[in-house]
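One structure is given below, encoded as structure tokens.
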Amino acid sequence: MKVLLVGSGGREDALAWALSNSAKLTTLRCAPGNGGTARHAENLAIGAEDVDALVRHAVEERYDLVVVGPEAPLVAGLADRLADEGIAVFGPAADAAQLEGSKIFSKLFMQRHSIPTADFQVFSDPGEARAYLESPDTRYPLVVKADGLAAGKGVILADDRETAVTAAEGMLSGRDFGDAGRKILIEEMLRGREASFFVLSDGRRFVELATCQDYKRAHDGDTGLNTGGMGTYSPSAWLDDATRQTLLEKVVRPTIDGMAAEGMPYRGVLYTGVMLTAEGPKVLEFNARFGDPETQVLMPRLDGDWLDLLDRAARGELGDVEPAWKNEAAVCVVMAAGGYPGSYGKGFKIEGLERAEASGAVVFHAGTRRENDDYVTSGGRVLGVTALGVDLDSARRNAYAAVGEIRWDDEHHRNDIALDAVQRRDR
Ligand code: AMP
Ligand code: GLY
């Protein structure tokens with residue numbers, strides 16, 4: 001099969017690695033890819049959000065399948081445009097991608113289908129939002145969210161009135177997130193542990209993927225700023241069988257059925273972020289894509305062919321496939337630029353990649369570029385170092401042993417990825 005992969009992050013390098021392991025693959029190209037994807041694919045100079053150029057290229061080259069990594073081109077209608085041209089695409093159509101692209105769409109959908117989520121109100125008028133936030137009946141803390149895509153920055157946890165009013169006004173005036181903030185949600189603050197849950201759907205049927213857990217804060221002990229994700233492990237220590245069953249019955253089944261019933265069948269990966277509350281799991285958000293760096297632990301754990309699985313989902317033909325997972329656990333440690341998620345330097349030479357991979361780990365590239373015979377840093381999250389092991393403890397040791405082989409000036413990583421899970425099992 002001839003496949004085009006869209007995106008440029010660590011997620012896409014993990015997808016490129018997985019697709020290149022398939023016996024069905026003949027050609028893999030990546031638009032635009034990164035230093036790492038060039039090992040498995042031919043990188044193209046087409047940006048992941050340049051929908052017109054992607055469609056033109058895909059039509060000229062008649063790909064058998066286009067796999068879309070990030071959400072923005074999906075929300076912009078890339079899957080619809082490719083489908084119109086008769087090209088199979090892994091990733092939902094624009095109407096279905098609204099589950100991620102519009103937080104208000106997603107909340108109203110959950111309300112229609114009785115899917116458990118935080119209580120909420122919708123506002124577009126600054127005066128009404130202010131009146132609500134200043135009402136003596138409104139309880140704090142609460143959460144203020146921009147409706148549209150805001151590069152992961154459109155959610156403000158507000159402990160007090162002043163923070164909430166400032167956030168709401170910044171959003172509704174268009175100042176903070178442009179049009180993405182002209183409508184907002186004000187939500188009840190949920191308490192508990194966060195978890196992510198992934199299924200693959202062909203529009204009607206779905207299959208559960210392996211569970212995994214990510215670490216969003218920049219520093220050890222869940223301190224520091226929120227990032228895109230500093231590490232992951234799989235399987236999750238917190239999503240037990242009962243919780244998984246609840247999620248399948250109360251969240252995933254009604255979502256896939258509801259989207260189909262409303263004429264927006266959901267094809268692709270549905271990534272549900274949940275809060276495990278005392279009242280059971282409640283949905284924080286839906287994403288229309290694989291997680292990053294969740295993909296870096298999911299890909300190596302499949303005991304099977306990812307290309308076959310993604311292709312079946314894309315064609316609406318999952319049939320009765322049941323993905324099998326290796327018994328081994330996986331841990332991914334993200335190595336980032338010092339300063340990330342704030343400002344950071346680029347262009348540092350990376351050393352020790354070969355030694356790290358010789359240890360059996362897989363080093364996925366997120367922000368690297370090739371310069372002569374070297375790889376140099378070119379982004380905030382630079383590498384995702386993934387290792388398998390007979391259990392989480394051993395996967396963790398293997399991953400950190402490989403991390404220890406790699407260095408560049410100003411490198412930063414967390415030392416406690418999967419540590420809470422290992423300690424929990426020990427107790
Ligand atoms: P979202 O993009 O909606 O998932 O929000 C980003 C992050 O904000 C989540 O991963 C949570 O950590 C936090 N968050 C969002 N909504 C809530 C909520 N209702 N209660 C508590 N935390 C929340
Ligand atoms: N790791 C979080 C995300 O991909 O959104």
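Counting begins at 1 with the first residue of the sequence. Numbering of ligands and ligand atoms starts at 1, following listing order. Everything quoted here is computed from the prediction, not taken from an experiment.
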Would Tyr344 and His412 count as a ring-ring contact (aromatic ring centres under 6.0 Å, His included) if you check the C-alpha gap in whole Å, the side-chain angles of each, and the deciding distance to 0.1 Å?
CA-CA 11 Å; Tyr344 51 82; His412 165 70; over 10 Å; no

Amino acids in close contact with ligand 1, where any non-hydrogen atom sits under 4.0 angstrom away
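For ligand 1, the contacting residues are Lys103, Ala118, Val143, Lys145, Val155, Leu157, Glu187, Glu188, Met189, Leu190, Glu194, Lys216, Met275, Leu284, Glu285.
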
Count the heavy atoms belonging to other residues, nucleotides or ligands that lie under 6.0 Å from CZ of Arg204, then report whether that count exceeds 12.
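Atom CZ in Arg204 is not packed in, count stays at 12 or less.
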
Would you indicate whether Arg39, at its atom CZ, is surrounded by more than 12 heavy atoms from other residues, nucleotides or ligands within a distance under 6.0 Å?
yes

Name the residues with a heavy atom less than 4.0 Å from ligand 2?
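Answer by chain and number: Asp214, Gly228, Tyr271, Arg289, Gly291, Asp292, Pro293, Glu294.
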
Side chains of Thr117 and Lys107: donor-acceptor distance under 3.5 Å anywhere?
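The criterion, which ignores hydrogens and geometry beyond distance, is satisfied for Lys107 and Thr117.
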
Pair Glu262, His113: side-chain N/O donor-acceptor within cut-off below 3.5 Å:
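Side chains of Glu262 and His113: pair found under 3.5 Å.
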
Check for me whether Arg370 meets the cation-pi criterion with Tyr375, that is, NZ or CZ under 6.0 Å from the six-membered ring centre and within 45 degrees of the ring axis.
yes

Considering residues at least two apart in sequence or located in another chain, which fulfil the salt bridge (charged side-chain N to carboxylate O under 4.0 Å, His left out) criterion with Arg369?
Glu371

Of all residues at least two apart in sequence or in a different chain, which pass the salt bridge (charged side-chain N to carboxylate O under 4.0 Å, His left out) check with Arg81?
Asp52

Determine, stepwise, if the pair Tyr271 / Phe286 fulfils ring-ring contact (aromatic ring centres under 6.0 Å, His included).
CA-CA 6 Å; Tyr271 159 2; Phe286 287 119; 9.8 Å; no

